Amino acid sequence: MDAKLNAIAISSDTDESSRSSGFDFLTKQAYLPPSWASHLNPLPSHIVSLAQRPTPIHKWNLPNLPSGTEVWLKRDDLTGMQLSGNKVRKLEFLMADAVAQGADCIITIGGIQSNHCRATAVAAKYLNLDCYLILRISKLLADQDPGLTGNLLVERLAGAHIDLISKEEYSHIGAVTLVDILKERLIKEGRRPYAIPVGGSNSLGTWGYIQAVREIEQQIQRGPSNIKFDDIVVACGSGGSIAGLSLGSSLSSLKARVHAFSVCDSPDYFYDFVQGLLDGLEAGVNSRDIVHVQNAKGLGYAMNTSEELNCVKEISKATGVILDPVYSGKAAYGMLKDMSENPKKWEGRNILFIHTGGLLGLYDKVDQLAPLVGKWRRMDVDESVPRQDGTGKMF
């Protein structure tokens with residue numbers, strides 16, 4: 001596998017846009033960490049270029065913001081089409097490790113519309129690895145074909161092997177054990193599997209957003225004068241992204257306070273989980289000192305109220321930016337709700353919102369979204385308009 005990936009030594013302090021030739025995609029590169037993160041341990045040795053970086057940052061003209069508040073948007077939904085979203089940043093490090101270990105297949109686990117599982121399936125196939133997905137689904141549907149909606153279509157087109165597990169079994173057995181069971185089966189078949197946890201969120205995957213902070217630093221240096229972000233707002237689903245963002249922000253020149261809106265579990269769970277990731281890097285910091293976690297799960301993971309979906313619709317209508325319903329949509333809803341209830345907390349702040357992708361998840365919500373969207377009609381053409389066969393060419 002290593003022969004398929006060209007090794008290129010890249011300093012992560014180098015401006016990413018200045019080194020991109022377009023030929024470094026899918027290459028393996030020696031990784032040198034940002035200087036402010038070089039004390040962390042262990043340090044990753046390599047990275048596989050999977051994401052389209054740097055992703056843009058632009059002003060986000062959200063309506064009804066508190067006085068003097070500005071929101072900017074970091075477009076990590078544009079890391080790539082099939083690989084879109086925040087998960088690919090973690091996979092750049094995880095896949096490099098899989099290749100280094102001589103794996104011939106990848107195992108990971110998530111919900112039935114997991115963006116991480118979809119990205120993993122595509123990344124694995126890019127690197128000529130098989131992919132095995134364990135997908136959590138309702139008990140009533142666990143014995144049926146899961147269909148081709150949203151992320152499932154991409155996963156199945158990419159040839160991923162899919163094992164369905166009911167939510168009840170998942171709850172009673174746990175993700176780690178389920179992955180271990182499949183891993184042992186594959187080893188007995190003579191395969192060399194590499195296991196990736198839920199969301200790619202382990203200490204190695206955390207480097208995806210440590211490196212993203214370095215990217216943001218570089219963009220600020222090149223961007224409009226006097227831009228400084230006071231806060232970073234992001235959705236939290238598995239914990240790896242907020243661990244990297246908060247640690248990177250606290251160590252770097254960014255020094256922005258990270259506000260994580262959790263779409264599952266509880267804030268206390270994520271404080272503890274992130275602490276484990278930080279300890280795994282020997283960071284020597286307390287998670288509660290560098291990130292503020294707020295509950296935004298609403299009805300539950302991947303479940304939406306009409307108010308949340310209406311927020312997604314209204315933001316799309318006002319700004320053209322389409323959020324996903326599971327992650328960024330809930331984070332934006334939670335942020336705007338908090339701004340409305342506590343405007344003094346946000347007044348005059350410069351905020352960077354991380355759009356973590358997940359557009360394909362909207363296809364799983366079409367029935368709920370249908371009553372919220374409209375504006376269609378049959379075009380009425382007056383009878384006086386001349387008509388002649390063949391005038392309008394049908395391609």
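Remember, it's a predicted structure, so these values are computed and weren't measured experimentally.
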Whether K297 and D265 form a salt bridge (side-chain N of Lys/Arg under 4.0 Å from carboxylate O of Asp/Glu) is what I want to check.
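No, this pair does not count.
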Check side-chain hydrogen bond (donor to acceptor under 3.5 Å, both in side chains) between D382 and all other residues, then give those that pass, not counting sequence neighbours.
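Applying side-chain hydrogen bond (donor to acceptor under 3.5 Å, both in side chains) to D382 gives S384.
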Non-neighbouring partners of D289 that pass side-chain hydrogen bond (donor to acceptor under 3.5 Å, both in side chains), sequence neighbours left out
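Once residues adjacent in sequence are excluded, D289 has no partner under the side-chain hydrogen bond (donor to acceptor under 3.5 Å, both in side chains) criterion.
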Residues which pass side chain to side chain contact (heavy atoms under 4.5 Å, CB included) with [X], listed by chain and number, not counting sequence neighbours:
X: E184; value: I187
X: S238; value: K87, K90, V198, S201
X: D272; value: none
X: Q52; value: F25

Which pairs, with at least one residue in residues 141-197 and sequence neighbours excluded, count as a ring pair (Phe, Tyr, Trp, His ring centres under 6.0 Å)?
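Passing the test, one end in residues 141-197: Y132-H161.
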Scan residues 139-151 for pairs that pass salt bridge (charged side-chain N to carboxylate O under 4.0 Å, His left out), counting only residues two or more places apart or in two chains.
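Qualifying pairs, neighbours excluded: D145-R156.
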Check residues 274-281 and write down every donor-acceptor pair under 3.5 Å in which the side-chain atom is one partner and the other belongs to a residue at least two apart or another chain.
from: Q275; atom 1: OE1; to: S287; atom 2: N; distance (Å): 2.7
from: Q275; atom 1: OE1; to: S287; atom 2: OG; distance (Å): 3.4
from: Q275; atom 1: NE2; to: D279; atom 2: OD1; distance (Å): 3.0
from: Q275; atom 1: NE2; to: V285; atom 2: O; distance (Å): 2.9

Can you give each donor-acceptor pair under 3.5 Å made by side-chain atoms of residues 308-316, sequence neighbours left out, with the distance rounded to 0.1 Å?
from: E308; atom 1: OE1; to: N304; atom 2: ND2; distance (Å): 3.1
from: E308; atom 1: OE1; to: T305; atom 2: N; distance (Å): 3.1
from: K313; atom 1: NZ; to: L372; atom 2: O; distance (Å): 3.4
from: S316; atom 1: OG; to: V312; atom 2: O; distance (Å): 2.8
from: S316; atom 1: OG; to: V321; atom 2: O; distance (Å): 3.4

Is I181 isolated, or which residues cluster with it under the ILVMFWY side-chain rule of less than 4.5 Å, directly or via members?
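Direct or chained contacts put I181 with none.
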Hydrophobic cluster mates of V263, side-chain heavy atoms under 4.5 angstrom, ILVMFWY only, any path?
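Reading the cluster by chain and number, V263 sits alongside Y301, V326, Y327.
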